[in-house]
Structures are given as C-alpha cells and as structure tokens.
Visitor: 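Just passing along the structure, written as structure tokens.
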Amino acid sequence: MAEKIRVMLSEEEVDAKIQQIGEQISKDYAGKQVHLVCVLKGGSFFMCELAKRITVPVSLDFMSVSSYGSETKSSGVVKIVKDLDEPLKGKDVIVIEDIVDSGRTLSYLMEMLKDRGPASLRLCTLLDKPDRRVVDVHVDYTGFQIPDEFVVGYGLDYDQKYRNLPYIGVVELD
C-alpha cells in the first residue's frame, strides 16, 4: 500500500497557533515556573516549539506511552514505555501531547500523573479529534480541532514515517 499526504494545516498556520498557545500559557503562569511533560515521540516537535514561545521559566521531562503500534487506529491498550525522570510533587505541570484521539491514553495518563502530587496539572495538545472520543478528557490548551482523518507531520507518524513534515498532513492510502 502506498501513501499520499495531503496538507491539512500549513507550517505557517501551525507556527501561528503555537505562538498563540505559548502566549496564553505565559499569561496563565505569570510569576511561576511551568514543568512541561512531553508524551513521546509525537509530542516532541510541538513541545520544543512551544517551550521556545513560553516566557516564564520552563523545565522539561519526557515519557513514552503507546496505544497505536503500526496501526492507524488506537488499540485501546496503554503501555508506559518510558516513565518520567523527575518527581512531579508540587510542580505546575502541563502535559504536552501531539493529538487527543479516543482519549483512552490521555485519561489513563492524567489520572496516573495526578496521583504523583503536582501543584497543578493541565493538558495541552496540538490537535484534538473530538469525533473519535470514547473517554472524556479535559483539554486546557488546544491548537486545532480536526476531523476524523489520520494525520501526520509535526511529530505525528504513520508507522514511524512522516514525523519530520513541517505541516499537518492527512494520510491517504492507495
């Protein structure tokens, strides 16, 4: 099967939205330090660009959680591949995700992180696909709401390909 990629959101649109989210986070956390937790691998591109646009002090950590494998639909099975390096106790934490789809992974992750005692815990996603939601997840900062199409680019992949695209594209399988 060959894939074609159709542009959904241009590099310029994505960049402008990340700037807007960075400004909002900087305003919301004025006078504080924010601890960004990146959900790997997809969230890495978004988190790096977002962190550059946040004006309050920022610290970073990473975790890897999987529910896809090489498929285009979530398996529903959540697996922690890499846990955080630092404790969250007393920190103002924002979980950075590339996309919120079914909500299963994020619901599980947010509950687990809440139990670690952060001062606050919020969720930020570049993309939100509400039509696919099966578990309710509160998203505090959303870049774009998108339709139920399989997207790649800006960190999102299809079978580990296309993460490096500077825009959000739709995978069209032949």
Side-chain angles (χ1 to χ4, degrees), residues 9 11-68 74 76-130 132-146 151 153-157 163-164 166 168:
L9 297 164
E11 182 175 4
E12 295 76 20
E13 289 174 293
V14 173
D15 189 58
K17 184 59 76 171
I18 293 172
Q19 178 65 37
Q20 183 182 27
I21 295 169
E23 289 171 2
Q24 186 62 53
I25 289 172
S26 299
K27 187 174 146 186
D28 292 350
Y29 288 87
K32 297 180 179 182
Q33 176 172 328
V34 67
H35 186 68
L36 303 181
V37 172
C38 176
V39 180
L40 294 172
K41 297 175 185 170
S44 59
F45 286 72
F46 177 40
M47 185 176 81
C48 289
E49 291 302 315
L50 181 61
K52 292 190 298 187
R53 290 162 173 83
I54 296 174
T55 58
V56 299
V58 171
S59 57
L60 310 174
D61 206 345
F62 302 86
M63 85 184 308
S64 183
V65 182
S66 177
S67 68
Y68 278 88
S74 175
V77 177
V78 178
K79 180 173 90 173
I80 295 179
V81 181
K82 180 213 175 295
D83 207 340
L84 297 172
D85 294 330
E86 300 177 27
L88 298 181
K89 186 128 182 91
K91 294 180 181 179
D92 289 306
V93 176
I94 302 176
V95 174
I96 307 296
E97 181 63 286
D98 53 0
I99 189 166
V100 179
D101 193 308
S102 70
R104 287 184 186 105
T105 302
L106 269 298
S107 174
Y108 173 83
L109 182 61
M110 296 301 281
E111 284 303 313
M112 184 188 76
L113 295 178
K114 193 185 306 178
D115 290 343
R116 297 184 183 188
S120 66
L121 180 64
R122 291 186 173 171
L123 176 59
C124 176
T125 187
L126 180 59
L127 303 173
D128 186 11
K129 202 186 288 187
R132 297 262 310 137
R133 197 84 79 247
V134 295
V135 177
D136 189 39
V137 176
H138 176 74
V139 181
D140 300 280
Y141 303 100
T142 300
F144 301 93
Q145 279 199 354
I146 62 169
V151 291
Y154 227 92
L156 293 112
D157 74 296
R163 287 188 195 280
N164 60 318
I168 303 298

Visitor: Before you tell me yes or no, could you show the steps for Ile21 and Arg53 under side chain to side chain contact (heavy atoms under 4.5 Å, CB included), namely the whole-Å CA-CA distance, both residues' side-chain angles and the distance that decides it to 0.1 Å?
Guide: CA-CA 8 Å; Ile21 295 169; Arg53 290 162 173 83; over 6 Å; no
Visitor: Distance check, rounded to the nearest 0.5 Å: Ile54 atom CD1 versus Gln19 atom CD?
Guide: 10.5 Å
Visitor: Checking side chain to side chain contact (heavy atoms under 4.5 Å, CB included) between Ile146 and each of Asp128, Ile168, Ile99, which is the one that passes?
Guide: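 Answer after filtering Asp128, Ile168, Ile99: Ile99.
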Visitor: Show the nearest heavy-atom pair for residues Cys38 and Met47, with the distance to one decimal.
Guide: CB-SD, 3.2 Å
Visitor: For Asp115, is the CG atom crowded, meaning more than 12 foreign heavy atoms sit under 6.0 Å from it?
Guide: yes
Visitor: Taking the side chain as every heavy atom from C-beta outward, state whether Arg116 and Leu113 have any atom pair closer than 4.5 Å.
Guide: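 Of all side-chain heavy-atom pairs linking Leu113 with Arg116, at least one is under 4.5 Å.
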Visitor: Side chains of Leu50 and Ile25: closer than 4.5 Å at any heavy-atom pair?
Guide: yes
Visitor: Do Asp98 and Phe46 have side chains that approach each other closer than 4.5 Å (heavy atoms only, starting at C-beta)?
Guide: no
Visitor: Are the side chains of Val139 and Leu106 in contact, using a 4.5 Å heavy-atom criterion?
Guide: no
Visitor: Could you check whether any side-chain N or O of Ser26 sits under 3.5 Å from a backbone N or O of Thr55, counting only pairs where one atom can act as donor and the other as acceptor?
Guide: yes
Visitor: Considering non-hydrogen atoms only, spot the tightest contact between Glu49 and Tyr154 and give its length.
Guide: CG-OH, 3.1 Å
Visitor: What heavy-atom pair brings Ala51 and Leu36 nearest, and what distance separates the two atoms?
Guide: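 Shortest heavy-atom separation between Ala51 and Leu36 comes out as CB-CD1, 4.0 Å.
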Visitor: First locate atom CD1 of Ile96, then atom SG of Cys48, and finally report the distance between them rounded to the nearest 0.5 Å.
Guide: 10.5 Å
Visitor: Mind listing the closest non-hydrogen atom pair of Lys114 and Leu121 along with its distance?
Guide: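 In terms of heavy atoms, the two residues are closest at N-CD2, 3.7 Å.
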Visitor: Of the non-hydrogen atoms in Pro118 and Val93, which two are nearest, and what is the gap between them?
Guide: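 That would be CB-CG2, 3.8 Å.
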Visitor: Using the side chain to side chain contact (heavy atoms under 4.5 Å, CB included) rule, take Phe45 and Val14 through it: C-alpha gap first, then chi angles, then the decisive distance, then the call.
Guide: CA-CA 11 Å; Phe45 286 72; Val14 173; over 6 Å; no
Visitor: Report the distance from atom NE2 of His35 to atom CD of Glu86, rounding to the nearest 0.5 Å.
Guide: 5.0 Å
Visitor: Are side-chain heavy atoms of Leu109 and Met63 found at a separation under 4.5 Å?
Guide: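 SC-SC contact between Leu109 and Met63 confirmed.
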Visitor: Write down the atom of Val56, the atom of Ala30, and the distance for their closest heavy-atom approach.
Guide: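 Looking at all heavy atoms of both residues, the shortest contact is CG1-CA, 4.0 Å.
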Visitor: Side chains of Leu156 and Leu127: does their closest heavy-atom pair fall under 4.5 Å?
Guide: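 Yes, side chains in contact.
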Visitor: Any side-chain to backbone donor/acceptor pair from Asp61 onto Asp85? Under 3.5 Å, distance only.
Guide: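 Checking the backbone N and O of Asp85 against the side chain of Asp61, a donor-acceptor pair under 3.5 Å is found.
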Visitor: Kindly indicate whether the side chain of His138, heavy atoms from C-beta on, has any atom under 4.5 Å from the side chain of Leu123.
Guide: no
Visitor: Tell me, which pairs form a salt bridge (Lys or Arg N to Asp or Glu O under 4.0 Å) where one or both residues lie in residues 17-44, sequence neighbours left out?
Guide: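 Sorted result for residues 17-44: Asp28-Arg122.
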Visitor: Measure the shortest side-chain to side-chain distance between Ile94 and Tyr29 over non-hydrogen atoms and say whether it is less than 4.5 angstrom.
Guide: yes
